Amino acid sequence: MTSLPQAVAALPRWRRLALPARRWPPWVASWMQVGPLAFVLIVLFALPTVLFVVVSFWDYDRTGIYPAFILDNYRDLLTTPATIRVYVSSLSFAVIVWAITLFFGFNIAQFLIFHVRSAAVRTVFFLLCAIPFWTSGIIRTIAWIPFLGRNGAFNQIVMGLHLTSKPLDFLLFSNFAVIVTYVNLFTLLMVGPIANSMAKIDPELIEAARDAGASRWRVLVEIIIPLSKTGIALGSVLVFTQVMGDFFVVKQMSGGQSASIVSALATEISAMQYPPAAASAVVLVLFVAVLVAGMMRIVDVRKELVK
C-alpha cells in the first residue's frame, strides 16, 4: 500500500496544483493580522510610556538625572500654585472650545445631512469644510495674526464701517485670539463624526415624528440628538485631546500671556529637567484619560459603531 505523500507525488502535475493548499490554524492568521500593529504600538507607544513613567520617579540636579524612587516631582507638580493655574487655564480653553465647536459642528452637520438633498452638493460642501485641513495647522494659526492685529484686516473693516474710532486691542495676543484659532482648527473634527452619526438616522423616522405632530425642537431633542450621541462623543474626545495637547496656538496667539500644560512641559525639557517633565506628562495623560473615560461612560462607542 502506498502512503499519502507517494500517492500525491504520483498524480499528474496539473492534478497536484488543483489540490487545496494547507490551511493555517485560525489563531495563526489572527496573530499575523494583529502582530504588525501590536509591534508598532508596543515600540512607539507602550515602551516610551513606561520609560517616562519610570523617569518621573527619578531624582535630578543641574548635572544629570539619577535613578531613584521619590515622589518629590509629583508633590511639587500638584502643590505648586503656578502649575494648578496652568491646568485650570488649559481646561478652561478645552471646555470653551468644546462648547463652541459642538454648537457649530452640530448645526453644520445637521444642515449637510438633513437640508442638503443632493449627494453631489453635500460632497462639495464637505470638501469646502475640509479644504483648510489641506494646509498645515501652523500656517492656519499664523494666518490669524495679520487678520486680528491692531492694523489688521478686521480692525480696518470695523473702522471703515465707523463701528469704532480706534483699533480693538483685545483681538490679538489674548485668550480671545486663542479660542478663535482653536475653533477654526478643530470645528471640522466635530463636524465629521456628528455627520457620520446623523447619516445613519432613517429619514422616515423623522417624517413619522413630524406627521405625528412633533415640532422641530422636539424632533431635535428626542430623535436627532439621542441618535447622534456617538458622533458627539467622538468629536468631543478629538477636540478635548487636541486642545489639551497643544502649546503652539497658546504660545503664538496669546503673546505669552497664557500658558498650557504642554508649554510648561516643553520649558522643563528645554531646561533638561527630565524627571519633572516626565511627571507632568504622566499627570497630563491621566487627566486626559479620565476626561475621555467620563465621555465614554455616557456613550458606549464600541457598541454604537457596530450597529
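Because the structure is predicted, anything quoted here is derived from the model rather than measured.
- Side-chain contact check for Tyr182 and Asp246: at least one donor-acceptor pair (N or O, by modelled atom type) lies under 3.5 Å.
- Rounding to the nearest 0.5 Å places CG of Leu78 at 10.5 Å from CG of Asn73.
- For the residue pair Ser260 and Ser263, a side-chain donor N or O sits within less than 3.5 Å of a side-chain acceptor on the partner.
- In this structure, the separation between CH2 on Trp144 and CG on Asn184 is 5.0 Å, given to the nearest 0.5 Å.
- For the pairing with Val86, the side chain to side chain contact (heavy atoms under 4.5 Å, CB included) check across Leu265, Val262, Leu91, Ile261 returns one residue only, Ile261.
- Asp72 places a side-chain heavy atom less than 4.5 Å from the side chain of Arg75.
- Trp98 and Ser236 form a side-chain donor-acceptor contact under 3.5 Å, judged by distance and modelled atom types alone.
- Residues Ile194 and Met198 form a side-chain contact, since some pair of their non-hydrogen atoms from C-beta on lies under 4.5 Å apart.
- Here the closest heavy-atom approach between residue Met253 and residue Thr141 is recorded as SD-O, 3.7 Å.
- The distance from the CG atom of Leu148 to the CG atom of Asn155 is 8.5 Å, given to the nearest 0.5 Å.
- With values rounded to the nearest 0.5 angstrom, Ile113 atom CD1 is found 11.5 Å from Lys200 atom NZ.
- Proximity of the aromatic rings of Tyr274 and Phe52 is defined here by a centroid distance below 6.0 angstrom, and this criterion is not met.
- For the pair Met190/Leu238, no side-chain contact is recorded, criterion being any heavy-atom separation below 4.5 Å from C-beta on.
- Atoms OG1 and CZ, on Thr181 and Phe248 in that order, are 10.0 Å from each other to the nearest 0.5 Å.
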